[in-house]
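Heads up: the structure comes next, in structure tokens.
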Amino acid sequence: MPELPEVEIVRRGLNQFTLHQEITGGDVLLNRTIAHPISVDQFIPHLTGSAIATWHRRGKYLLAELTPSPQTHWLGVHLRMTGQLLWLHQDQPLQKHTRLRLYFQHQQELRFVDQRTFGKIWYVPPHLPVETIITGLAKLALDPFSPLFTLEYLAHQLQKSRRLIKTALLDQSIVAGLGNIYADEALFKSRILPTTPCADLQSQQIESLRTAIIEVLSASIAAGGTTFSNFLNVTGINGNYGNDAWVYNRASQPCRVCGNLIERIKLAGRSSHFCSHCQK
DNA sequence: CTCGGTTCCTGGCCGC
DNA sequence: TGCGGCCAGGAACCGA
């Protein structure tokens, strides 16, 4: 599932291919993909004639800064479970789950393909803060790559939660960008059991967790994102990270550190993978 | 206010 | 081989 590293890989690809080219039109194939404006008919006309100055990422959200305009306007994208943004020629045959097509000059196209239809796309008009339209941004925590993502910050974020650490890590208002894969991986690297209540974590463990989060995300970005799920970068290429996952999706397989069998349990409806020998 | 459960959706997989 | 049902999960929403 696209988590921070996959979204970052997509962002880099978008910045490589889509900038400073006029949007000439488009086609909405599934209305509910467009989260804003409410009237889908207005979506394509709002974008037509603009170009993308740059793509930003906040947590798992992608934000395209649109020009020209006296005031900036924005295009927002969340891939959710199965969303893919592909840069291709308009002649390329439509994928079965194509939800949105944005046409660019020279017959190029930015295509949104999303099997399970949870993905969302927003248009944010000028004069409005993006948070007022893309409401998920309003309660988003710091990005782990922010210089402000310190031990003090993470400790403070976890202090206010009475939940188990695994559940807290999936909450985007505590840390932005983690999903089920990298939450399990970061907990393994920091040797913390997913069932540990946040309040029981020692300062040393929180620092270890903070470091592990940054390392796990960095390693995946360096590998081009995960092999899991149907993640593709904008040119349609899968990543390489899944092959060296420590625990994710490895239930009943030997721990890569101690050989104990990896266990799998359900926490708040999500599967959690861990080694009960390495993690305490 | 906090938090867990449910929901959205499709396709892969398991067991009979 | 065919098919029913379960499972995967990000985040909004609902209700305790």
Side-chain angles (χ1 to χ4, degrees), chain A residues 1-8 10-11 29-36 38 57-63 76-85 94-100 112-122 130-141 143-144 156-187 194-200 213 217 220 225-232 238-239 241-242 245 247-252 262 264-273:
Chain A
M1 325 299 130
E3 301 178 31
L4 187 153
E6 290 73 38
V7 178
E8 176 63 18
V10 171
R11 184 187 74 85
L29 286 80
L30 181 71
N31 283 355
R32 69 168 172 273
T33 296
I34 308 303
H36 191 87
I38 302 306
R57 180 185 59 73
R58 285 175 62 183
K60 302 174 199 170
Y61 291 82
L62 286 163
L63 295 170
V77 180
H78 198 303
L79 305 172
R80 292 286 191 99
M81 310 294 305
T82 55
Q84 302 167 345
L85 282 171
L94 279 196
Q95 291 81 349
K96 182 174 179 186
H97 303 294
T98 303
R99 309 305 182 194
L100 172 70
F112 185 64
V113 180
D114 184 21
Q115 176 201 121
R116 282 159 72 180
T117 76
F118 294 164
K120 291 293 176 202
I121 298 186
W122 299 260
V130 287
E131 294 83 2
T132 61
I133 302 294
I134 309 175
T135 51
L137 291 175
K139 44 191 169 180
L140 203 59
D143 200 273
H156 174 77
Q157 292 294 90
L158 295 177
Q159 215 167 37
K160 66 188 186 187
S161 178
R162 269 173 269 159
R163 283 178 291 180
L164 309 180
I165 183 61
K166 170 63 188 293
T167 313
L169 288 180
L170 294 177
D171 184 338
Q172 303 300 298
S173 72
I174 292 182
V175 184
L178 289 180
N180 212 33
I181 299 175
Y182 300 110
D184 279 2
E185 295 288 281
L187 285 171
T195 48
T196 311
C198 291
D200 293 354
I213 289 170
L217 297 176
S220 181
T226 184
T227 54
F228 291 120
S229 77
N230 40 15
F231 164 69
L232 298 178
N238 192 219
Y241 180 78
V247 288
Y248 183 78
N249 212 26
R250 296 194 66 242
S252 305
I262 301 299
R264 175 178 147 153
I265 58 171
K266 280 260 181 190
L267 296 176
R270 296 287 173 258
S271 61
S272 286
H273 313 79

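The sequence lines fix the lettering, A, B, ..., with proteins before strands; numbering per chain opens at 1. Given the structure is predicted, the values throughout are model-derived calculations rather than measurements.
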Exercise. Going by an N to O cut-off under 4.0 Å, is there a salt bridge joining Lys60(A) and Glu8(A)?
Worked result: no

Exercise. Ring of Phe118(A) versus six-membered ring of dA11(C): centres under 5.5 Å and planes under 30°?
Worked result: no

For this session: Looking only at side-chain atoms of Leu170(A), point me to the closest of dG10(C), dA12(C), dT10(B).
Result: dG10(C)

For this session: Take the angle between the ring planes of Trp122(A) and Tyr61(A) and call it parallel below 30°, perpendicular above 60°, tilted in between.
Result: tilted

Problem set entry | Atom pair OG1 (Thr33(A)) and NZ (Lys120(A)), whose distance is rounded to the nearest 0.5 Å | 6.5 Å

For this session: Check every atom of dC9(B), dG11(B), dA11(C) against the side chain of Lys96(A) and return the nucleotide holding the closest atom.
Result: dG11(B)

Exercise. Could you state the CG-P distance from Asp171(A) to dA11(C), rounded to the nearest angstrom?
Worked result: 10 Å

Exercise. Nearest-Å distance, CG (Leu178(A)) to P (dG10(C))?
Worked result: 10 Å

For this session: Report yes if the side chains of Leu187(A) and Val247(A) come closer than 4.5 Å at any heavy-atom pair, otherwise no.
Result: no

For this session: Rounded off to whole Å, could you give me the CD1-to-C1' distance for the Ile174(A) and dT2(B) pair?
Result: 11 Å

Exercise. How would you label the contact of Arg80(A) with the nucleic acid (heavy atoms, under 4.0 Å): base, sugar-phosphate, or nothing?
Worked result: base

For this session: Kindly point out which of dT10(B), dG4(B), dG10(C) is positioned nearest to the side chain of Glu3(A)?
Result: dG10(C)

Exercise. Rounding to a whole Å, what distance do you find between Met81(A):CE and dC7(C):C1'?
Worked result: 11 Å

Seminar exercise, completed: Whole-Å distance, Ile134(A) CD1 to dA11(C) C1', equals 14 Å

Exercise. Under 4.0 Å between a side-chain N/O of His78(A) and OP1 or OP2 of dA11(C), yes or no?
Worked result: yes

Problem set entry | d(NZ, Lys120(A); C1', dA11(C)) in whole Å | 11 Å

Seminar exercise, completed: Here the distance between atom P of dC3(B) and atom CD of Gln157(A), to the nearest Å, is 12 Å

Exercise. Heavy atoms under 4.0 Å, any strand shown: does Thr167(A) hit a base, just sugar-phosphate, or nothing?
Worked result: sugar-phosphate

Seminar exercise, completed: Contacts of Thr82(A) and Leu137(A) projected onto DNA chain C by closest heavy atom; the upstream (5') one is Thr82(A)

Exercise. Roughly how far apart are Ser271(A) OG and Asn180(A) CG, rounded to 0.5 Å?
Worked result: 5.0 Å

Exercise. Are any of His97(A)'s side-chain N or O atoms less than 4.0 Å away from OP1 or OP2 of dG11(B)?
Worked result: yes

Problem set entry | Residue Lys60(A), side-chain atoms from C-beta onward, closest of dG11(B), dC9(B), dG10(C) | dG10(C)

For this session: May I have the distance from Arg270(A) (atom CZ) to dG10(C) (atom P), rounded to whole angstrom?
Result: 6 Å

For this session: Indicate, with a heavy-atom threshold strictly under 4.0 Å, whether Gly269(A) touches base, sugar-phosphate, or nothing.
Result: nothing

Problem set entry | N or O in side chain of Gln172(A) less than 4.0 angstrom from dG10(C) OP1/OP2 | no

